[in-house]
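In what follows, a structure is listed as structure tokens, so that the remarks can point back to it.
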Amino acid sequence: MGLSTDHGGAGGGRGKKQGGSQLWKKALLHSCLCFVMGFFTGFAPSSVSDWTSAAVSAGGVGSSHMVRALQTAAGGGGAALNRSLLAHGSGAAIGGGASSSPRPLLVVVTTTESTPAASGERAAALTRMAHTLRLAAPPVLWVVVEAAADVPATARLLRNTGIMYRHLTYKDNFTAADAAAGKVRHHQRNVALGHVEHHRLAGVVLFAGLGDVFDLRFFDQLRQISAFGAWPVATMARDSRKVVVRGPACSASAVTGWFSQDFGNATAAPSATSTTARPPEVDAHGFAFNSSVLWDPERWGRYPTSEPDKSQDSMKFVQQVVLEDFSKVKGIPSDCSEVMVWHVNSMVPSSSS
């Protein structure tokens, strides 16, 4: 009795073992099938947008849809849309090959006055300059320099401009006589150039005064500068009808000398043009340069030790270098026959504000 029970138990154990083995095999087969299906499913696109992206990258259906959309938009602002897409690298998909090179950075340096009487005008002029720079094609970096006492109000204004900016300040004290002699603005420009040099901000540096008015085509011309650029500037005194135009004389885009012409007033004939091969100093409002000049390794050996200011003073250095070799200076526009920058002087036309 007990023996039969033992034999029965052994047979039942073998049956259970075989059934468990079959279940394990089925589970293993099921897991393998799921793995294989999941592996191949991973190669399939997950949405319609993936198909569109693949077509655009291959120049297929997505690309033709984009071109048709641009052509449809051409009737109402399509040109601006085209320029925007090309600027972000879509030209390769639309044009079928060549990609547009990125625009150089434009570093616009603006100095400010620090007198109490100028505080209200400063805010209005900064707002006007901000709207002008917003119309220029990016990338644009606006560097605003001012005394420490004026920082809070200007900081609030700059935060609301929507422009990439650097707000620089200094604690140096200057007298009214220093301001009248242009020493304050010279110091402010050196502060800005020191910042550009320290942070290696590669781009084209332009000195834009709060009284300057620009032709918008001018900003595109600036980005063609490889070393230095110069242009005629029409300087006007506030509450005066006198206009003086100074700048480079050009043959095509090559600078051959410098000229100055006084137009007197609107009714008088312009005076004879005076020309010179090389002026004593180039106007800060009339030239721009590639910032790499500031960290040129040959800069510190250009002048003898008896003239340390020529290399230590960044503003004096670039003003001197731009006059050394005209072959490096590009005339803007190509024949220098058009005024694209107007400088409104609050004091006298000869001031370097």
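Expressed to the nearest 0.5 Å, how far CG of Asp262 lies from NZ of Lys242 amounts to 4.5 Å. Rounded to the nearest 0.5 Å, atoms CZ (Arg134) and OG1 (Thr132) are 11.0 Å apart. Rounded to the nearest 0.5 angstrom, Lys183 NZ and Gln188 CD are separated by 15.0 Å. We find the CG-OG distance between Asp283 and Ser260 to be 10.5 Å, quoted to the nearest 0.5 Å. Of the inter-residue distances, the one linking Cys250 atom SG with Phe259 atom CZ reads 8.5 Å to the nearest 0.5 angstrom. Remark: Glu281 CD to Trp258 CH2 distance equals 11.0 Å, nearest 0.5 Å.
Contact of the Gln221 side chain with the Trp231 side chain is not registered, since no non-hydrogen atoms from C-beta on lie closer than 4.5 Å. Between Val329 and Phe287 the shortest side-chain heavy-atom distance does not fall below 4.5 Å. Between Lys330 and Gln224, the closest side-chain pair of non-hydrogen atoms falls below 4.5 Å. Looking at heavy atoms from C-beta onward, Leu201 lies in side-chain contact with Arg166 at the 4.5 angstrom threshold. Asp215 has its side chain out of reach of Val341: every pair of non-hydrogen atoms, C-beta onward, lies at least 4.5 Å apart. Within the 4.5 Å cutoff, side-chain heavy atoms of Leu294 are placed close to those of Phe289. In this structure the side chain of Trp142 reaches within 4.5 angstrom of the side chain of Leu126, judged on heavy atoms. Arg246 has its side chain out of reach of Pro232: every pair of non-hydrogen atoms, C-beta onward, lies at least 4.5 Å apart.
For the pair Thr112 (side chain) and Val145 (backbone), a donor-acceptor distance under 3.5 Å is present. Of the possible polar contacts, one joining the Arg103 side chain to the Pro138 backbone as a donor-acceptor pair under 3.5 Å is found. Side-chain atoms of Thr161 do not come within 3.5 Å of backbone N or O of Ala130 as any donor-acceptor pair. A donor-acceptor distance shorter than 3.5 angstrom exists from the side chain of Arg122 to the backbone of Glu113, with no hydrogens or angles considered. In this structure, the side chain of Thr175 engages the main chain of Asp178 through a donor-acceptor pair within 3.5 Å. Side-chain N or O atoms of Asn160 include one that pairs as donor or acceptor with a backbone N or O of Arg156 at under 3.5 Å.
Tracing side-chain contacts under 4.5 Å through hydrophobic residues (I, L, V, M, F, W, Y), one reaches Leu216 starting from Leu210; they form part of the same cluster.
Centroid-to-centroid, the aromatic rings of Phe214 and Trp342 stay 6.0 Å apart or farther.
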side-chain contact (heavy atoms from CB on, under 4.5 Å) evaluation trace for Val321 with Phe228: CA-CA 9 Å; Val321 174; Phe228 298 95; 3.3 Å; yes
Steps toward side-chain contact (heavy atoms from CB on, under 4.5 Å) verdict (Ile332, Ile225): CA-CA 9 Å; Ile332 297 176; Ile225 294 174; 3.8 Å; yes
Trace of the side-chain contact (heavy atoms from CB on, under 4.5 Å) decision for Thr110 with Arg189: CA-CA 8 Å; Thr110 297; Arg189 289 169 184 143; over 6 Å; no
Step-by-step salt bridge (Lys or Arg N to Asp or Glu O under 4.0 Å) determination, Glu338 to Arg217: CA-CA 11 Å; Glu338 183 178 359; Arg217 298 170 298 163; 2.4 Å; yes
Intermediate values then yes/no, side-chain contact (heavy atoms from CB on, under 4.5 Å), Leu222 and Leu106: CA-CA 8 Å; Leu222 286 177; Leu106 187 58; 3.8 Å; yes
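Heavy atoms from other residues, nucleotides or ligands lying under 6.0 Å from NE2 of His199 number more than 12.
Classified by interplanar angle (parallel below 30°, tilted 30° to 60°, perpendicular above 60°), the ring pair Phe174/Tyr170 is perpendicular.
Scanning both residues, Met315 and Ala284, for their nearest heavy atoms gives CE-CB, 3.7 Å. Contact record, Ala137 with Arg223: O-NH2, 2.7 Å, taken as the closest heavy-atom pair. Of all heavy-atom pairs between Met164 and Leu105, the closest is CE-CD1, 4.3 Å. The two residues Leu133 and Val108 come nearest to each other via the heavy atoms CD2-CG2, 4.0 Å. Across all non-hydrogen atoms, the minimal contact from Val196 to Trp295 is O-CZ3, 3.7 Å. Asn190 and Ser314 get closest at one heavy-atom pair: OD1-N, 3.3 Å.
Side-chain atoms of His186 and Asp313 include a donor-acceptor pair closer than 3.5 Å. A donor-acceptor pair shorter than 3.5 Å can be found between the side chains of Arg185 and Thr111. Under the 3.5 Å distance criterion, with hydrogens and angles disregarded, a donor-acceptor pair is assigned to the side chains of Thr154 and Glu146.
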